[in-house]
Amino acid sequence: MQIWAGLGNPGASYALHRHNVGFMVADAIAAIHDFGPWQKKFRSLISEGRLGGARILLLKPQTFMNDSGDAVQQALNFFKLDVAALTAIHDELDLLPMKVKVRTGGGLAGHNGLRSIDASLGPDFRRLRIGIGHPGDKARVTGHVLGNYAKSEMEPLSDLLAAIANEADALAEGDDVRFMNDVALRMQG
């Protein structure tokens, strides 16, 4: 089993924030791949399904971003999994909007959700990083991250979520390079 934790903040007022793109990815994967209904467990909403031969538990922590690590750790402990089974799906300021990168380990880049997971589990988990772009001025970062996607971004965002969900089998198989290439190709087409 793999646990894919889409990071975000719970509640309707946060739904379209750039910081909630992890929740959006989890919702898209669940919908496109007919995962089970969302249920409450591990201080999260969870949905289970299969991608290729892999059993995947999608997790949307309901703890707010700053305490995501507790929810993720509860799920890993319940299934007796180590940190290698975890993929955190999150927004990334240092990537251009609608770009996707996957890597294992690395820094926290000021991301409170990653900081919380790192504090609970250490840094050696896989990250699916969704670019939201940098607003250019450090003073504008919080408003950008906690702001809604612009109307002009909604169609590209929808295309990106569909591309990620449709190529998720490669991610489940651990073929991160193929996943990134196939998402990029879908976004070009």
Side-chain angles (χ1 to χ4, degrees), residues 1-8 18-36 38 44-61 68-69 71-72 75-76 79-109 111 113-114 117-118 121-134 149 153-189:
M1 170 174 267
Q2 298 176 39
I3 295 179
W4 292 8
L7 301 184
R18 289 177 187 88
H19 214 27
N20 271 39
V21 73
F23 279 11
M24 296 175 204
V25 168
D27 287 335
I29 291 169
I32 286 176
H33 294 281
D34 296 321
F35 274 44
W38 291 99
S44 301
L45 293 175
I46 62 168
S47 178
E48 195 172 327
R50 296 194 86 74
L51 292 171
R55 188 170 152 211
I56 306 291
L57 181 76
L58 294 172
L59 187 88
K60 296 192 302 184
S68 299
V72 170
L76 286 170
F79 291 105
K80 297 177 176 58
L81 298 170
D82 68 21
V83 71
L86 173 64
T87 299
I89 307 167
H90 64 91
D91 57 301
E92 176 66 59
L93 272 171
D94 296 328
L95 277 178
L96 291 174
M98 311 304 160
K99 297 295 180 192
V100 173
K101 295 282 184 200
V102 180
R103 76 170 183 206
T104 299
L108 306 176
H111 194 290
L114 295 180
I117 293 170
D118 180 84
L121 303 168
D124 298 326
F125 54 94
R126 183 167 68 166
R127 299 123 194 259
L128 170 51
R129 302 159 55 215
I130 314 296
I132 61 169
H134 197 287
Y149 277 97
E153 294 176 301
M154 295 311 285
E155 188 174 332
L157 175 63
S158 178
D159 292 346
L160 178 66
L161 296 174
I164 291 169
N166 280 302
E167 300 303 335
D169 285 359
L171 197 63
E173 292 164 11
D175 195 342
D176 298 348
V177 172
R178 189 177 103 221
F179 169 77
M180 289 185 284
N181 288 339
D182 290 350
V183 168
L185 286 171
R186 278 185 183 265
M187 291 303 289
Q188 288 172 3

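FYI, the numbering just counts along the sequence from 1.
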Donor-acceptor pair, distance only, cut-off 3.5 Å: does the side chain of Thr104 make one with the backbone of Phe125?
no

Minimum heavy-atom separation for Gly106 to Arg127, with atom names?
O-NH2, 3.4 Å

Using side chain to side chain contact (heavy atoms under 4.5 Å, CB included), reason through Ile164 and Ile89 one step at a time and then give a plain yes or no.
CA-CA 11 Å; Ile164 291 169; Ile89 307 167; over 6 Å; no

For Leu114 and Asp118, what are the C-alpha separation, side-chain angles and deciding distance, and is it a side chain to side chain contact (heavy atoms under 4.5 Å, CB included)?
CA-CA 6 Å; Leu114 295 180; Asp118 180 84; 5.9 Å; no

Can you name the nearest heavy-atom pair linking Leu76 to Ala85, along with the distance?
CD2-CB, 4.4 Å

Closest non-hydrogen contact found for Pro61 with Val72 is CG-CG2, 4.5 Å

Output for pair (Trp38 CH2, Ile46 CD1), nearest 0.5 Å, gives 9.0 Å

Where Ala172 and Ala54 come nearest, the two heavy atoms and their spacing:
CB-CB, 4.0 Å

From Met24 CE over to Leu157 CG, what is the distance, rounded to the nearest 0.5 angstrom?
5.5 Å

Show the numbers, then the answer: is there a salt bridge (charged side-chain N to carboxylate O under 4.0 Å, His left out) between Arg178 and Glu173?
CA-CA 10 Å; Arg178 189 177 103 221; Glu173 292 164 11; 3.3 Å; yes

Assess the residue pair Met1 and Glu48 against the criterion (side chain to side chain contact (heavy atoms under 4.5 Å, CB included)); give the C-alpha distance rounded to whole Å, side-chain angles, the decisive distance to 0.1 Å, and a yes or no.
CA-CA 10 Å; Met1 170 174 267; Glu48 195 172 327; 3.7 Å; yes

Is there a side chain to side chain contact (heavy atoms under 4.5 Å, CB included) between Met98 and Asp159? Walk through the geometry before answering.
CA-CA 9 Å; Met98 311 304 160; Asp159 292 346; over 6 Å; no

Only one of His111, Arg129, Arg18 passes side chain to side chain donor-acceptor pair (under 3.5 Å) with Asp91, and that residue is His111

About how many Å separate CG of Leu171 and CG of Asp176, when rounded to the nearest 0.5 Å?
6.0 Å

Got Ile130 and Val100 here, is their nearest side-chain heavy-atom distance under 4.5 Å?
yes

On a heavy-atom basis, the closest approach of Ser47 and Phe35 is OG-CB, 3.2 Å

Hey, what do you get for OG1 (Thr87) to CD1 (Ile3), rounding to the nearest 0.5 Å?
10.0 Å

Table please: side-chain donor-acceptor pairs of residues 180-189 below 3.5 Å, with sequence neighbours left out.
residue	atom	partner	partner atom	Å
Asn181	ND2	Val177	O	3.4
Arg186	NE	Glu167	OE2	2.5
Arg186	NH2	Glu167	OE2	3.2

Value rounded to 0.5 Å, distance of CG in Asn166 from CD1 in Ile29
10.0 Å

To the nearest 0.5 Å, what is the distance between CG (Leu58) and CD (Gln2)?
10.5 Å

Looking only at heavy atoms, which two atoms of Leu95 and Gly131 are closest? And how far apart?
CB-CA, 3.4 Å

